[in-house]
Amino acid sequence: MSGHTIEHDCYIITVGWDNSLQTFFALLFERSAKDGSQDKEASIILGAPREFQDIEQFADLFEREARRDGFWGVYIPDELQQTLERDRIFETSKVQEPPAVILDFLKANEGNG
């Protein structure tokens with residue numbers, strides 16, 4: 001999984017590629033006007049399993065969602081979009097080792113099929 005942070009005076013955005021869910025994701029947290037601390041709950045959450053596999057569609061939807069929720073000027077810069085696409089390509093090209101619980105199950109049931 002990759003993760004990149006964009007920080008502004010009023011909000012913090014984390015975007016990345018989640019290989020286990022096969023989707024790009026985004027979280028936008030507002031900052032407190034008093035002390036600049038990050039809210040505990042995200043104002044925008046995007047990235048359900050297999051929801052966003054195209055970086056341009058993901059970036060466009062994120063910008064529309066942000067505007068709809070009153071966050072003007074929030075977007076994923078082109079350079080970061082390119083980085084996210086490289087993250088996706090790199091992560092999906094890795095050979096994924098099955099989780100240990102699956103390997104244990106297969107080993108325990110060898111010859112039972």
Side-chain angles (χ1 to χ4, degrees):
M1 177 165 53
S2 70
H4 305 273
T5 302
I6 303 168
E7 294 196 35
H8 291 275
D9 292 341
C10 300
Y11 52 85
I12 299 171
I13 301 167
T14 300
V15 294
W17 170 257
D18 187 324
N19 205 41
S20 63
L21 298 178
Q22 292 290 292
T23 190
F24 291 106
F25 68 89
L27 303 165
L28 183 145
F29 295 91
E30 293 183 68
R31 285 190 170 188
S32 169
K34 291 181 183 177
D35 61 7
S37 63
Q38 173 182 315
D39 284 355
K40 292 182 182 179
E41 292 188 28
S43 297
I44 296 175
I45 301 173
L46 295 177
R50 300 185 186 276
E51 185 175 17
F52 302 110
Q53 296 181 349
D54 180 280
I55 187 60
E56 290 177 5
Q57 290 176 344
F58 169 71
D60 288 344
L61 181 67
F62 176 70
E63 188 174 344
R64 286 195 311 271
E65 289 287 315
R67 273 196 317 263
R68 186 198 69 184
D69 290 350
F71 298 99
W72 294 94
V74 172
Y75 65 96
I76 301 171
D78 290 342
E79 185 176 303
L80 182 51
Q81 288 182 44
Q82 292 170 9
T83 298
L84 290 168
E85 180 61 14
R86 284 192 300 271
D87 291 349
R88 183 191 66 78
I89 291 167
F90 176 75
E91 290 293 324
T92 56
S93 71
K94 290 182 189 177
V95 174
Q96 297 293 317
E97 181 71 23
V101 67
I102 292 173
L103 294 174
D104 291 345
F105 175 80
L106 292 173
K107 187 181 279 186
N109 291 289
E110 280 181 332
N112 291 340

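Quick caveat: nothing in here was measured; it's all calculated off a predicted structure.
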Only pairs at least two apart or in different chains count here, so list each side chain to side chain donor-acceptor pair (under 3.5 Å) that has a residue in residues 69-83.
T83-R86
In Å and rounded to the nearest 0.5 Å, what is the [atom1] to [atom2] distance from [X] to [Y]?
X: I55; Y: L80; atom1: CD1; atom2: CG; result: 7.5 Å
X: I45; Y: F29; atom1: CD1; atom2: CZ; result: 7.0 Å
X: E91; Y: L84; atom1: CD; atom2: CG; result: 11.5 Å
X: D18; Y: E51; atom1: CG; atom2: CD; result: 12.0 Å

What heavy-atom pair brings [X] and [Y] nearest, and what distance separates the two atoms?
X: P77; Y: I6; value: CD-CD1, 4.0 Å
X: S2; Y: D87; value: OG-OD2, 2.9 Å
X: T23; Y: G47; value: CG2-O, 3.6 Å
X: V15; Y: A26; value: CG1-CB, 3.8 Å
X: R31; Y: D9; value: CD-O, 3.4 Å

Membership question, hydrophobic clusters at under 4.5 Å side-chain separation (ILVMFWY): are L61 and F71 in the same one?
yes
When you compare the side chains of E30 and S43, does any donor N or O come within less than 3.5 Å of an acceptor on the partner?
yes
Qualifying residue, where the test is side chain to side chain contact (heavy atoms under 4.5 Å, CB included) with I13 and the options are T5, I76, L28:
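The single option meeting the side chain to side chain contact (heavy atoms under 4.5 Å, CB included) with I13 is L28.
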More than 12 heavy atoms from other groups under 6.0 Å of CD on Q53:
yes
Close side-chain approach of Q22 to W17, heavy-atom, < 4.5 Å:
yes
Keeping to residues at least two apart or across chains, list the ring-ring contact (aromatic ring centres under 6.0 Å, His included) pairs with something in residues 46-66.
F24-F58, F52-F58
